[in-house]
Peer 1: 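Pasting a structure below so you can have a look.
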Amino acid sequence: MIDIRTLREDPDRVRASQQARGEDPALVDAVLEADRRHRHDLTEFERLRAEQKTVGKQVAQASGEEKSALLAEVKDTAARVKELDRSQAEAAQERERLLRRIGNLVIEGVPAGGEEDFRVLDTVGQPRDFTADGFEPRDHLQLGELLGAIDMARGAKVSGSRFYFLTGPGARLETALLTLALQRAHEAGFVQLGVPTLVGEEAMAGAGFLDAHADEVYRLEADGLYLTGTSEVALAGYHADEILDLTDGPRRYVASSTCYRREAGAHGKDTRGIIRVHQFQKVEMFVYCRLEDAETEHERLLAWERGMLDAMELSYRVIDVAAGDLGGPAARKYDCEGWVPTQGRYRELTSTSNCTDYQARRLGARERDPNRSGTRPVATLNGTLATTRWLVALLENHQRADGSVRVPAALQPLLGAEVIAPRE
RNA sequence: GGAGGCGUCGCCUAGUCUGGUCUAUGGCGCCCGCCUGCUAAGCGGGUUUGGGGCUACAACCCCAUCGAGGGUUCAAAUCCCUCCGCCUCCGCCA
């Protein structure tokens with residue numbers, strides 16, 4: 001949620017941001033209208049309420065005839081107060097409802113436009129030339145089956161489409177990847193958290209996943225709980241409604257968790273293999289820091305992601321995601337996309353968002369304001385350090401003509417092997 | 001699953017039966033000042049959060065806030081209802 005005060009004082013800035021996102025700038029005026037109504041009724045309510053309290057005290061002192069007279073007088077006020085409180089609250093709710101629909105203020109420099117309007121910031125490595133290598137690359141599922149690493153058929157038998165088993169070397173490769181990510185985060189000073197993946201409505205909404213992504217979320221009707229599509233939800237909720245002390249620098253957390261996504265709008269897309277599945281593992285970084293440090297911190301998160309991709313010896317590109325493709329809470333988002341040989345294109349492997357104070361305001365994660373009395377929202381950022389999807393890039397890019405797959409040096413000690421060989 | 005207890009402004013705590021004197025008590029901690037070779041002690045003051053008015057985003061004034069939400073009442077921490085969380089006991093099950 002953006003700051004209502006920014007919207008009051010500088011509505012043009014908000015309109016411009018909406019425009020860049022391809023969203024409705026008229027929403028700004030609707031919020032302002034509801035805000036005016038709210039403040040008018042609130043002022044009136046407070047004035048009458050003060051009066052009611054004063055008379056109420058007199059009632060307590062008085063007796064007999066004087067008391068009945070006062071009672072008669074204040075009874076009317078009480079009814080008016082109740083009425084105004086209702087309309088004030090109603091206007092506040094309307095303002096809130098509209099305000100929540102406005103996305104975060106896009107940071108200057110973010111390309112305007114939609115999904116295709118991203119800017120490429122960097123490209124690392126070359127897409128592997130299999131013609132030069134003299135063989136036709138197998139896709140990750142062919143390799144997975146050849147190596148005894150992925151079993152889609154049994155996944156479907158047990159749970160349906162977009163479910164899978166990782167088997168033997170596949171499961172071990174995933175574990176090694178996640179472990180390395182956690183190790184590297186630990187060495188960088190992150191505090192590791194074990195997190196709930198089943199959360200209440202408050203946490204889900206606070207992180208912003210019940211707005212645009214509501215269809216993507218698994219909901220357990222009987223218990224009023226939601227399965228999280230990323231540990232960001234739990235990590236964002238961790239310090240909800242708290243006043244943090246950030247004088248010693250940012251709070252950095254990392255968590256590995258199972259992620260659940262309905263993929264409701266993805267019928268027929270990426271149906272083969274484990275590119276797009278209902279359940280996967282992810283190591284996620286999450287940072288609470290001061291607003292003025294957020295952009296620097298965002299660069300750091302990106303650097304940690306790139307370090308991990310480099311260690312996997314993958315070729316990838318870094319993109320500055322366009323405003324229209326950001327999602328509500330993000331003010332800027334960098335994706336790292338790994339090369340997938342059999343698709344001949346780059347696919348998202350990591351994503352890091354700077355949510356500035358947008359998510360924190362809704363969550364109530366604050367700090368003492370260094371410039372004045374009171375508190376102010378902190379900034380939150382998140383980023384991916386590893387996911388199950390990385391197996392696709394690892395298998396396809398490091399495959400050899402005989403169907404075996406070379407293990408990147410960084411994973412070899414964890415896996416205890418330099419090569420994953422086909423089953424006999 | 002059954003029975004009971006509890007939830008107060010950082011922590012502990014008074015207040016709830018018997019609604020108005022609660023502008024929520026006291027202690028601890030913390031902050032500022034005084035005193036003082038230094039520290040400690042002592043003394044004085046301050047110390048929830050959110051919002052509105054007015055403004056320099058100060059000071060000041062006001063409203064809300066006693067787990068959350070409703071209700072009763074002129075008036076609710078206090079009475080009634082619903083929900084949430086924690087604890088104890090019993091049962092059941094690993």
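Being a predicted model, the structure only gives us computed values, none of them experimental. In what follows, chains are A, B, ... by sequence order, proteins preceding strands, each numbered from 1.
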Peer 1: Expressed as a whole number of Å, how far does the P atom of B:A64 sit from that of B:A77?
Peer 2: 10 Å

Peer 1: So what does A:R368 touch, heavy atoms closer than 4.0 Å: a base, only the sugar-phosphate, or nothing?
Peer 2: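 Contact class for A:R368: sugar-phosphate only.
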
Peer 1: Work out how far the C1' atom of B:C93 is from that of B:C83, and round it to whole angstrom.
Peer 2: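 Pairwise C1' distance, B:C93 against B:C83, rounds to 28 Å.
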
Peer 1: Find the distance between CZ (A:R368) and CD1 (A:I243) and round it off to the nearest 0.5 Å.
Peer 2: 4.0 Å

Peer 1: With rounding to the closest Å, how many angstrom separate the C1' atoms on B:C35 and B:C28?
Peer 2: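 Those two atoms are separated by 23 Å.
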
Peer 1: Above 12 or not: heavy atoms from other molecules or residues under 6.0 Å from CZ of A:R80?
Peer 2: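 Not buried by this count: 12 neighbours or fewer within 6.0 Å.
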
Peer 1: In whole angstrom, give the distance that lies between atom CZ of A:R37 and atom P of B:G52.
Peer 2: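 Going from A:R37 (CZ) to B:G52 (P), I get 16 Å.
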
Peer 1: In the structure shown, which nucleotide is the Watson-Crick or G-U wobble counterpart of B:G69, with both distances under 3.5 Å?
Peer 2: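 Result: B:C81.
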
Peer 1: Applying side-chain hydrogen bond (donor to acceptor under 3.5 Å, both in side chains), can you list everything that pairs with A:R347, at least two apart in sequence or on another chain?
Peer 2: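 With sequence neighbours excluded, A:R347 shows a side-chain hydrogen bond (donor to acceptor under 3.5 Å, both in side chains) to A:D270, A:Q343, given in chain and number order.
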
Peer 1: Considering only residues two or more places apart or on different chains, which pairs with a residue in residues 168-186 of chain A satisfy salt bridge (Lys or Arg N to Asp or Glu O under 4.0 Å)?
Peer 2: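 Qualifying pairs, neighbours excluded: none.
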
Peer 1: Does anything in residues 46-53 of chain A come within less than 4.0 Å of RNA chain B? Heavy atoms only, and list the residues if so.
Peer 2: A:E46, A:R49, A:A50, A:Q52, A:K53

Peer 1: With P as the reference atom in both, quote the distance from B:G1 to B:C92 in angstrom, rounded to an integer.
Peer 2: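 Roughly 15 Å separates the two P atoms.
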
Peer 1: In Watson-Crick or G-U wobble terms, both distances under 3.5 Å, what is the partner of B:G10?
Peer 2: B:C28

Peer 1: Output a table of nitrogen or oxygen pairs between the protein and nucleotides 78-81 of chain B separated by less than 3.5 Å.
Peer 2:
none

Peer 1: Quick one: label A:T77 by what it contacts on the DNA or RNA (base, sugar-phosphate, nothing), any heavy atom closer than 4.0 Å.
Peer 2: nothing

Peer 1: Tabulate protein N/O versus nucleotide N/O from nucleotides 69-72 of chain B, keeping only pairs under 3.5 Å, one per line.
Peer 2:
| from | atom 1 | to | atom 2 | distance (Å) |
| --- | --- | --- | --- | --- |
| B:U72 | OP2 | A:K82 | NZ | 3.2 |

Peer 1: Of the nucleotides B:G53, B:U49, B:C74, which has the atom closest to the A:R39 side chain?
Peer 2: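 Taking heavy atoms from C-beta onward, the closest nucleotide is B:G53.
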
Peer 1: Tell me the interatomic distance from A:I4, atom CD1, to B:G50, atom C1', rounded to whole angstroms.
Peer 2: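 Interatomic distance, CD1 of A:I4 to C1' of B:G50: 15 Å.
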
Peer 1: Taking B:U78 as the reference, what is the distance to B:G15 when you measure between their C1' atoms (whole Å, please)?
Peer 2: 9 Å

Peer 1: Mind checking side-chain hydrogen bond (donor to acceptor under 3.5 Å, both in side chains) for A:D117 and listing every partner two or more places apart, or none if nothing turns up?
Peer 2: none

Peer 1: Between protein and nucleotides 18-25 of chain B, what N or O pairs are separated by less than 3.5 Å?
Peer 2:
| from | atom 1 | to | atom 2 | distance (Å) |
| --- | --- | --- | --- | --- |
| B:G20 | N2 | A:G56 | O | 3.2 |

Peer 1: A:R406 pairs by side-chain contact (heavy atoms from CB on, under 4.5 Å) with which of A:H398, A:Q399, A:E418?
Peer 2: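 With A:R406 as partner, A:H398, A:Q399, A:E418 yield a single side-chain contact (heavy atoms from CB on, under 4.5 Å), made by A:H398.
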
Peer 1: Find the partner of B:A76: check Watson-Crick (N1-N3 plus N6-O4 or O6-N4) and G-U wobble (N1-O2, O6-N3) distances, both under 3.5 Å, and reply none if neither fits.
Peer 2: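 Its partner: none found.
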
Peer 1: Under a 3.5 Å threshold, yes or no: a donor from one side chain and an acceptor from the other, between A:D122 and A:Y316?
Peer 2: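 Short answer, no.
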
Peer 1: Picking from A:D3, A:D29, A:D35, what satisfies salt bridge (charged side-chain N to carboxylate O under 4.0 Å, His left out) with A:R8?
Peer 2: A:D35

Peer 1: If we count only N and O atoms by modelled type, under 3.5 Å, do the side chains of A:Q52 and A:R49 hold a donor and an acceptor together?
Peer 2: yes

Peer 1: Show the numbers, then the answer: is there a salt bridge (charged side-chain N to carboxylate O under 4.0 Å, His left out) between A:K82 and A:D85?
Peer 2: CA-CA 5 Å; A:K82 204 168 233 179; A:D85 191 25; over 6 Å; no

Peer 1: Roughly how many Å apart are B:U25 and B:G46, using the P atom of each and rounding to a whole number?
Peer 2: 12 Å

Peer 1: When you match A:R366 and A:R95 each to their closest nucleotide on RNA chain B, which lands nearer the 5' end?
Peer 2: A:R366

Peer 1: Assess whether atom CD of A:Q183 is packed by more than 12 heavy atoms of other residues, nucleotides or ligands within 6.0 Å.
Peer 2: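 Enclosed.
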
Peer 1: Quick one: which residue pairs count as a side chain to side chain donor-acceptor pair (under 3.5 Å) with a foot in residues 145-162 of chain A, not counting sequence neighbours?
Peer 2: A:D151-A:R154

Peer 1: Which residues pass the side-chain hydrogen bond (donor to acceptor under 3.5 Å, both in side chains) test with A:S404, not counting sequence neighbours?
Peer 2: A:R400, A:D402

Peer 1: Just N and O in the side chain of A:T43: are any of them under 4.0 Å from OP1 or OP2 of B:C63?
Peer 2: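 The answer is no; no side-chain N or O of A:T43 sits under 4.0 Å from OP1 or OP2.
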
Peer 1: On RNA chain B, does the nearest nucleotide to A:V74 precede the nearest nucleotide to A:G374 from the 5' side, or the other way round? Give the residue.
Peer 2: A:G374

Peer 1: Heavy atoms only, 4.0 Å cut-off, all strands: where does A:R8 land among base, sugar-phosphate and nothing?
Peer 2: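 Sugar-phosphate contact only - A:R8 comes under 4.0 Å of backbone atoms but never of a base.
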
Peer 1: Test: side chain to side chain donor-acceptor pair (under 3.5 Å). Region: residues 353-364 of chain A. Which pairs qualify, not counting sequence neighbours?
Peer 2: A:N104-A:T356, A:D211-A:R362, A:E232-A:Q359, A:D357-A:R361, A:Q359-A:T380

Peer 1: Which base, if any, makes a Watson-Crick or G-U wobble pair with B:C43, both distances under 3.5 Å?
Peer 2: B:G33

Peer 1: Could you check how far CG of A:D35 sits from C1' of B:G52, rounded to whole Å?
Peer 2: 11 Å

Peer 1: Could you identify the nucleotide paired to B:C86, looking across every strand shown and requiring Watson-Crick or G-U wobble geometry with both distances under 3.5 Å?
Peer 2: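 B:C86 is paired, partner B:G5.
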
Peer 1: For the P atoms, the ones on B:U21 and on B:C63, what distance do you get once it is rounded to whole angstrom?
Peer 2: 15 Å

Peer 1: Could you measure between the two C1' atoms, the one in B:A75 and the one in B:C22, and give it in whole Å?
Peer 2: 13 Å

Peer 1: Scan for side chain to side chain donor-acceptor pair (under 3.5 Å) pairs involving residues 233-243 of chain A, sequence neighbours excluded, and state none if there are none.
Peer 2: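 Applying side chain to side chain donor-acceptor pair (under 3.5 Å) to every pair that reaches into residues 233-243 of chain A, excluding sequence neighbours, yields A:H239-A:E242, A:H239-A:Y253.
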
Peer 1: Given atom CG of A:D85 and atom C1' of B:U73, what is their separation to the nearest angstrom?
Peer 2: 16 Å

Peer 1: List for me each residue that meets ring-ring contact (aromatic ring centres under 6.0 Å, His included) alongside A:F209, sequence neighbours excluded, and say none if there are none.
Peer 2: A:H213

